[in-house]
Protein chains: 2
Amino acid sequence: MGVTYRSECPIARTLDVVGDKWTLLVLRDALVFGRKTFAEFEHGRERIPTNLLADRLKRLVDCGLLKKVPYQEAPKRYHYVPTPEGEAVLPVIRAMKDFGEKYLEGKAPVA
Amino acid sequence: MGVTYRSECPIARTLDVVGDKWTLLVLRDALVFGRKTFAEFEHGRERIPTNLLADRLKRLVDCGLLKKVPYQEAPKRYHYVPTPEGEAVLPVIRAMKDFGEKYLEGKAPVA
DNA sequence: CTGGATCCTGATGGATACTG
DNA sequence: CAGTATCCATCAGGATCCAG
């Protein structure tokens, strides 16, 4: 909230929203693997720490890329499901997948 | 160098290489604005701190997305220019541009 | 002056333990 | 199951410094 984007550039803005090591992975799990619950996101292959997962889910909900939908009472439980805006990031995820497959397979990481 | 990727997923691998707030912006400057020198990268609209710029340029060179080409002796000066692998990230940058233009224009940031 | 390197401080990341 | 809390390590960001 209340923070400003670094610039008017749409690329910079996109990075301000999803430009970190986990956010797009959470979105991938939601969009391509259909994961919905906290536990489903948590137990993906990359083992995101629970505090970061909670934070990323909250952010994604706050900025309108995911929405919380209740699926159970007592105790209240929620599914995290992509909004149309959330689905709109699929092309960037696909582009990353293509890039990763073409250039990063079997290649040692540098950083 | 010796670090391992978080998983075999090509998306996760791509994020391990370019998944932070600055790397893709540097790549954007190189690929779409044709910037080459340290100063050209530094004086973009987003004002990246010099230490981060130096670090990101080095990483990008180390992982083969940019290469240093000398263009002057005494003192040695270099251009940072995209390799073919570097050019291969253009689709992800374009996808981010599309997303940013469609969904983030005039919208307040959340984080 | 360009191309960084260094230093310092506050923010973020990440592992694990704990709670409703 | 779905998160919080805690603690420590690392990184970001800004200022400044240094070498060619």
**Prompt:** Atom CD of A/Q72 and atom P of D/dA2: how far apart are they, to the nearest Å?
**Reply:** 8 Å

**Asked** Salt bridge between A/D55 and A/R59, side-chain N to carboxylate O under 4.0 Å?
**Response** yes

Output one line per pair: protein atom, nucleotide atom from nucleotides 13-20 of chain D, and distance, for all N/O pairs under 3.5 Å.
from	atom 1	to	atom 2	distance (Å)
D/dG13	OP2	B/W22	NE1	2.4
D/dG13	N7	B/N51	ND2	3.2
D/dG14	O6	B/N51	ND2	2.8

**Asked** Given side chains that start at C-beta, do those of B/L25 and B/I48 come closer than 4.5 Å, heavy atoms only?
**Response** no

Distance-only donor-acceptor hits, side chain of residues 64-72 of chain A, under 3.5 Å, sequence neighbours excluded:
from	atom 1	to	atom 2	distance (Å)
A/Q72	NE2	A/P75	O	2.9

**Request:** For A/K21, enumerate each residue passing the side-chain contact (heavy atoms from CB on, under 4.5 Å) test, keeping only those at least two apart in sequence or located in another chain.
**Result:** B/R6, B/D16

**Asked** Mind checking which nucleotides bracket the chain B contacts on DNA chain C, 5' to 3', with an atom under 4.0 Å from a heavy atom?
**Response** C/dT2 to C/dC7

**Item:** Minimum heavy-atom distance between A/R45 and B/C9, given as atom pair plus value
**Value:** NH2-CB, 3.7 Å

**Message:** From CG of B/D55 over to P of D/dT10, roughly how many Å is that when rounded to an integer?
**Reply:** 15 Å

**Prompt:** What pairs with B/D20 under side-chain contact (heavy atoms from CB on, under 4.5 Å), at least two apart in sequence or on another chain?
**Reply:** B/W22, B/T23, B/R56

**Prompt:** Looking at side-chain heavy atoms only, is the closest gap between A/R13 and A/E8 below 4.5 Å?
**Reply:** yes

**Message:** Please evaluate residues B/E73 and B/K76 with respect to the criterion side-chain contact (heavy atoms from CB on, under 4.5 Å), reporting the C-alpha separation (whole Å), side-chain torsions for both, the decisive distance (0.1 Å), and the verdict.
**Reply:** CA-CA 4 Å; B/E73 298 292 328; B/K76 269 256 183 205; 3.2 Å; yes

**Request:** Measure the distance from CG on B/L53 to P on D/dC11 and round it to the nearest whole Å.
**Result:** 18 Å

**Request:** Would you jot down, in residue-number order, the residues of residues 30-43 of chain B having a non-hydrogen atom under 4.0 Å from DNA chain D?
**Result:** none

**Prompt:** Within the structure, does a side-chain N or O atom of A/Y71 lie under 4.0 Å from either OP1 or OP2 of D/dC1?
**Reply:** no

**Prompt:** Are B/L60 and B/Y80 side-chain neighbours, meaning at least one heavy-atom pair lies under 4.5 Å?
**Reply:** no

**Request:** Taking the side chain as every heavy atom from C-beta outward, state whether B/L90 and B/V32 have any atom pair closer than 4.5 Å.
**Result:** yes

